[in-house]
Each structure stands twice: as structure tokens, then as C-alpha cells.
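Since the structure comes first, as C-alpha cells, the remarks are kept for the end.
Keep in mind the model is a prediction, meaning the values are calculated, not measured.
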Amino acid sequence: MLQGSNLSYAYVRSGASRFSLHSVSVDVPRGSFTGLLGPNGCGKTTLLKLLSGMIAAHEGTVTLNGGSLLSLSRREIARRIAVVPQETHPAFDYTVMEMVLMGRHPHLGLLQLEGPADLALAGDALQATGTAHLADRAYMTLSGGEKQRVIIAGALTQASDVLLLDEPTASLDLGYQLEVAALLSRLNRVRGMTMLMATHDLNLAAALCDRLVLMRDGRVLAQGATAEVLTAQMVRQMYDVVADVRYHEGAGHLTVTPVARVR
């Protein structure tokens, strides 16, 4: 389990501190697909950074399987937690295979090159994400959906226990959103990967996630099973929006239809 307990974090700008998170506690059970929902500026990305060890909390602790993340080196954390950012802009014109092989860096020694086993893992990840045919292409020539699947392939090559995703479908059109959603669902179901996904898409979260964490103003409003916490009342508390939340027989999950803004 990945767990954050009483996490607080403040950004300092122009000599003044502004808290982004206030005493936030979250649980991401092993093998779960947990969604992280909330309006812009509520602290979702900051929470992902804390849980991945990218930044350290000013108060509170982060633990992975009962052990403190602070006791692990950056390399050790990267072996166990992979992160898929919303966008990736490489400094050089890497090929797809080179981008995916970067996931092996936490497992290699200083100046050590990738070996046959690393190449095999990268090949498996490309196959799993449907991007094997793109291996020799320049990453920057790909479409948005192809790029996101390649980044997920790199995370798989990292062979970590936990995958954290920051709005993985935010810049994609509807077709690619469905592709990436199907991929993530398959990886969670077939490979048993533990996932935590920040998203603004309530219907995507309802379709994919068995658990949700709902946030506003740097605090957790509710967390638990999707069917229990994704309600019209909670949508109103998060977004000041009246919404119709109901089970869709055809989709097989809850759907959220915004109706009106609360003024």
C-alpha cells in the first residue's frame, strides 16, 4: 500500500507561504485503481509529487508497504514508483525505443548500458501498449495518443510496483482517450498494477477507478469506493456544480452529467 498521512505542503512566493495541502491523508491499496479528483489548484499534482518522493512534505509522512519513503534513495524510489506526467518534452530528438529504455535507468549502474534483458523488457512494454511498430520513430513526430502510450510503456519498463498518472488523457481527443483508458484498465486488471490517477474527467474516473479521493482547497473531502463517494452531493461540494449522477446500463458504470453552476 502507498499511504500519505497528515501531509501538509506550502509553496513560498515573494517571501510569503501559501499552503497547497492541509493535513491530507490518502490510502492507495495494493492492486487498486484509485482516482484523484478535484478542481484546478486543489492540490492534486502536489499530492502526486509528495507520494512519488519528488518533493518532501513539510508535515506528515509517506509510506510504501509500511516503510517510509524518506528512508529510500531516489534510485530506490524510482524502482518502485513510476510517474506518467501530463506532458513530456525531451531535450533531444530521441527515438521511441530510447524513450522507453529510459525506464531502465534506475536499475543500471553508473555508465552501465542496457543489456539484452533490458531490451526484452522494453520490447514487452511496447507490445503491451501497442506501440512496437513505432520503436524506430522519432518520439516528437508521434501523435498525442501515441506519445502518451510510449510514456506509459517507459513506466512499464521501469518495472515499478506503483504507477502514478497526472491527467494522462487531458490533451487527447476522444478516440485516443478511449485507447489510453482501455490500456490502463488492462494493465491494472491483467498485470495487477497499483495505480493512482489525477484527472478532471469524472466519467473516465467512474469507468476505470474502483476507489476515488475527492479534493478541494488542499483538503480531502471524501475517499472510498467509487460507487459510494461519487454522488451528486460530492460533485456539488467539489465543483459548485449541480450534476446528475446515475448508473448507465450501456456503459456499465456511473456517469456524471453537469446541469448547472451553483452561484
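Looking at Asn6, its side chain never comes within 3.5 Å of a backbone N or O of Ser23 through a donor-acceptor pair. Within the 3.5 Å criterion, the main-chain N or O of Ala78 finds a donor-acceptor partner in the side chain of Gln158. A donor-acceptor pair is defined here as one N or O able to donate and one able to accept, closer than 3.5 Å; no such pair exists between the side chain of Arg186 and the backbone of Arg191. Side-chain atoms of Arg211 come within 3.5 Å of backbone atoms of Asp27 as a donor-acceptor pair (strictly under, hydrogens ignored). Put simply, the side chain of Glu98 never gets that close to the backbone of Asp93: no donor and acceptor are under 3.5 Å apart.
Between Pro106 and the choices Arg79, Arg74, Arg80, the side-chain contact (heavy atoms from CB on, under 4.5 Å) rule is met once, by Arg79.
Side-chain atoms of Thr129 and Val150, non-hydrogen and from C-beta on, never get closer than 4.5 Å to each other. Side-chain contact check for Tyr11 versus Thr46: some heavy-atom pair is nearer than 4.5 Å. Residues Met238 and Leu221 meet the side-chain proximity criterion, which asks for heavy atoms closer than 4.5 Å. Side-chain contact between Leu187 and Leu156 is present, with at least one heavy-atom pair separated by less than 4.5 Å. With a 4.5 Å cut-off on side-chain heavy atoms, Leu64 and Ile81 count as touching. Leu254 is listed as a side-chain neighbour of Leu230, based on a closest heavy-atom distance under 4.5 Å. Under the 4.5 Å side-chain criterion, counting only non-hydrogen atoms from C-beta, Thr169 is not in contact with Leu178. Leu48 has its side chain out of reach of Met54: every pair of non-hydrogen atoms, C-beta onward, lies at least 4.5 Å apart.
For the residue pair Leu69 and Gly53, the shortest heavy atom distance occurs at CD2-N, 3.7 Å. Heavy atoms only, all atoms of each residue included: Thr88 and Met99 are closest at CG2-CE, 4.0 Å. The two residues Leu7 and Thr61 have their closest heavy-atom pair at CD2-O, 3.4 Å. In terms of heavy-atom proximity, Ala243 sits nearest to Ala232 at O-CB, 3.5 Å. Closest of all the heavy-atom pairs between Ala159 and His107 is CB-NE2, 4.4 Å. Residues Gln148 and Pro168 approach most closely at NE2-O, 2.6 Å, considering heavy atoms.
Within 6.0 Å of CE in Met102 there are more than 12 heavy atoms belonging to other residues, nucleotides or ligands. Taking a 6.0 Å sphere around CD of Gln233, one finds it holds 12 or fewer heavy atoms contributed by other residues, nucleotides or ligands.
Residues satisfying the side-chain hydrogen bond (donor to acceptor under 3.5 Å, both in side chains) criterion with Arg189, sequence neighbours excluded, are Ser185. Not counting sequence neighbours, the partners of Arg104 by the side-chain hydrogen bond (donor to acceptor under 3.5 Å, both in side chains) test are Asp118. With sequence neighbours left out, the side-chain hydrogen bond (donor to acceptor under 3.5 Å, both in side chains) criterion links Arg246 to Asp244.
A continuous path of Ile, Leu, Val, Met, Phe, Trp and Tyr side chains, each step under 4.5 Å between heavy atoms, connects Leu2 with Leu47, placing both in one hydrophobic cluster. Both Leu50 and Val162 are assigned to one and the same hydrophobic cluster, defined by single-linkage of ILVMFWY side chains at heavy-atom distances under 4.5 Å. Put simply, Leu165 and Leu36 are part of two different groups of oily side chains (I, L, V, M, F, W, Y) that touch within less than 4.5 Å, one to the next. Hydrophobic clustering (ILVMFWY, side-chain heavy atoms < 4.5 Å, transitive): Leu172 and Leu142 are in one cluster. The same ILVMFWY cluster, assembled from side-chain heavy atoms under 4.5 Å apart, contains both Met193 and Val180.
Rounding to the nearest 0.5 angstrom, the gap separating the CZ atom in Arg261 from the OH atom in Tyr239 is 11.0 Å. Considering CG of Leu134 and CG of Leu126, their distance stands at 8.0 Å, rounded to 0.5 Å. In this structure, CE on Met195 lies 10.5 Å from CG on Leu164, to the nearest 0.5 angstrom. Here CD of Glu249 is found 10.5 Å from OG1 of Thr255. Values are rounded to the nearest 0.5 Å. One distance of note links SG of Cys42 with CG of Asp217; it measures 8.0 Å at 0.5 Å rounding. The distance from the CD atom of Glu114 to the OG1 atom of Thr157 is 10.5 Å, given to the nearest 0.5 Å.
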Which side-chain N or O atoms in residues 28-35 pair as donor and acceptor under 3.5 Å with protein atoms at least two apart or in another chain?
| from | atom 1 | to | atom 2 | distance (Å) |
| --- | --- | --- | --- | --- |
| Ser32 | OG | Pro29 | O | 2.8 |
| Ser32 | OG | Thr34 | OG1 | 3.1 |

Check: residues 196-209 side-chain donor-acceptor pairs under 3.5 Å, at least two apart:
| from | atom 1 | to | atom 2 | distance (Å) |
| --- | --- | --- | --- | --- |
| Thr199 | OG1 | Asp201 | N | 2.9 |
| His200 | ND1 | Gly38 | O | 3.4 |
| His200 | NE2 | Asn40 | OD1 | 2.8 |
| His200 | NE2 | Glu167 | OE2 | 3.4 |
| Asp201 | OD1 | Asn203 | N | 3.1 |
| Asp201 | OD1 | Leu204 | N | 2.9 |
| Asn203 | OD1 | Val256 | N | 2.7 |
| Asn203 | ND2 | Val256 | O | 3.2 |

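Applying the salt bridge (Lys or Arg N to Asp or Glu O under 4.0 Å) definition to pairs two or more places apart or across chains, none involves residues 132-148.
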Q) Taking it one step at a time, do Arg149 and Leu183 satisfy side chain to side chain contact (heavy atoms under 4.5 Å, CB included)? A) CA-CA 8 Å; Arg149 283 185 287 149; Leu183 169 62; 4.0 Å; yes
(Q) Would Asp166 and Val83 count as a side chain to side chain contact (heavy atoms under 4.5 Å, CB included) here? Give the steps. (A) CA-CA 8 Å; Asp166 191 2; Val83 178; 6.0 Å; no
Q. Step by step, would you call Tyr139 with Thr95 a side chain to side chain contact (heavy atoms under 4.5 Å, CB included)?
A. CA-CA 5 Å; Tyr139 172 78; Thr95 67; over 6 Å; no
**Q.** Verdict with supporting geometry, Leu163 and Thr194, side chain to side chain contact (heavy atoms under 4.5 Å, CB included)
**A.** CA-CA 6 Å; Leu163 182 60; Thr194 302; over 6 Å; no
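Comment: Arg216 engages Asp240 in a salt bridge, judged by a side-chain N to carboxylate O separation of less than 4.0 angstrom.
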